[in-house]
A.B. asks: 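Sharing a structure with you now.
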Amino acid sequence: HGGGTHDLLSREPARRVLRALVAAGGAPVAVRDLVEQAWPGEVLVGSSGADRLYVAISTLRKLDLRPAIVHNRGAYSLRATIRRVT
């Protein structure tokens, strides 16, 4: 509502992460579940999945979603007060 818009077409993993968080409806989504949804079918070694997720979350935060994304105890969620405006 009066804010900027951003195109995530060229940022597929970030788009998948955001889609998973929206689908969760404010409930926390575990890091491992977000990694599986953002990089389906990929075999990620060690902390590479969590590292990639951190970059995707950082990207979303830079695109004006910083106040909406919450990290708590190995999971991410969207604040319940944030609503989708079309």
Side-chain angles (χ1 to χ4, degrees):
H1 225 37
T5 60
H6 300 283
D7 184 358
L8 293 177
L9 287 177
S10 64
R11 296 176 167 130
E12 185 62 32
R15 184 169 55 157
R16 288 180 182 155
V17 168
L18 181 58
R19 200 178 290 148
L21 292 173
V22 169
V29 183
V31 167
R32 70 180 179 285
D33 295 333
L34 287 172
V35 169
E36 288 175 8
Q37 291 182 47
W39 295 275
E42 286 194 42
V43 177
L44 302 171
V45 180
S47 67
S48 63
D51 295 342
R52 286 183 179 191
L53 178 62
Y54 180 82
V55 171
I57 293 288
S58 293
T59 297
L60 293 171
R61 286 181 169 152
K62 289 176 187 174
L63 297 175
D64 300 328
L65 290 173
R66 182 171 307 281
I69 298 173
V70 179
H71 180 251
N72 191 12
R73 297 183 186 189
Y76 288 91
S77 62
L78 292 179
R79 290 190 191 279
T81 58
I82 303 298
R83 63 183 177 87
R84 182 178 174 187
V85 178
T86 56

A.B. asks: What pair of heavy atoms forms the shortest contact from P67 to R79, and how long is it?
C.D. replies: O-NE, 2.6 Å

A.B. asks: Who pairs with E42 by side-chain hydrogen bond (donor to acceptor under 3.5 Å, both in side chains), at least two apart in sequence or on another chain?
C.D. replies: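 With neighbours one apart ignored, the set is R52.
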
A.B. asks: Can you name the closest pair of heavy atoms from V17 and A56 and give their distance?
C.D. replies: CG2-CB, 4.1 Å

A.B. asks: Count the heavy atoms belonging to other residues, nucleotides or ligands that lie under 6.0 Å from CZ of R61, then report whether that count exceeds 12.
C.D. replies: yes

A.B. asks: Closest approach of A27 and S77, non-hydrogen atoms and distance?
C.D. replies: O-CB, 3.7 Å

A.B. asks: Do Y76 and L53 make a side-chain contact, defined as non-hydrogen atoms from C-beta onward lying under 4.5 Å apart?
C.D. replies: yes

A.B. asks: Apply side chain to side chain contact (heavy atoms under 4.5 Å, CB included) to residues V55 and D51 and explain how you reach the verdict.
C.D. replies: CA-CA 7 Å; V55 171; D51 295 342; 6.0 Å; no

A.B. asks: Which atom names give the shortest non-hydrogen contact between V35 and A50, and what distance separates them?
C.D. replies: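 Closest approach of V35 to A50, heavy atoms only: CG2-N, 4.2 Å.
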
A.B. asks: Salt bridge or not for E12 and R16, using N-O below 4.0 Å?
C.D. replies: yes

A.B. asks: List the steps and the verdict of side chain to side chain contact (heavy atoms under 4.5 Å, CB included) for I69 and L78.
C.D. replies: CA-CA 5 Å; I69 298 173; L78 292 179; 4.0 Å; yes

A.B. asks: Quick one: are I57 and L65 in side-chain contact, heavy atoms under 4.5 Å?
C.D. replies: no

A.B. asks: If you compare all heavy atoms of A14 against all heavy atoms of T59, which two are closest, and at what distance to 0.1 Å?
C.D. replies: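 Distance-wise, the nearest heavy atoms are CB-CG2, 4.5 Å.
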
A.B. asks: Would a hydrophobic clustering, with Ile, Leu, Val, Met, Phe, Trp and Tyr connected at side-chain separations under 4.5 Å, put V70 with V31?
C.D. replies: no

A.B. asks: Taking all heavy atoms of P13 and all of A38, pick out the closest pair and write down the distance.
C.D. replies: O-CB, 3.9 Å

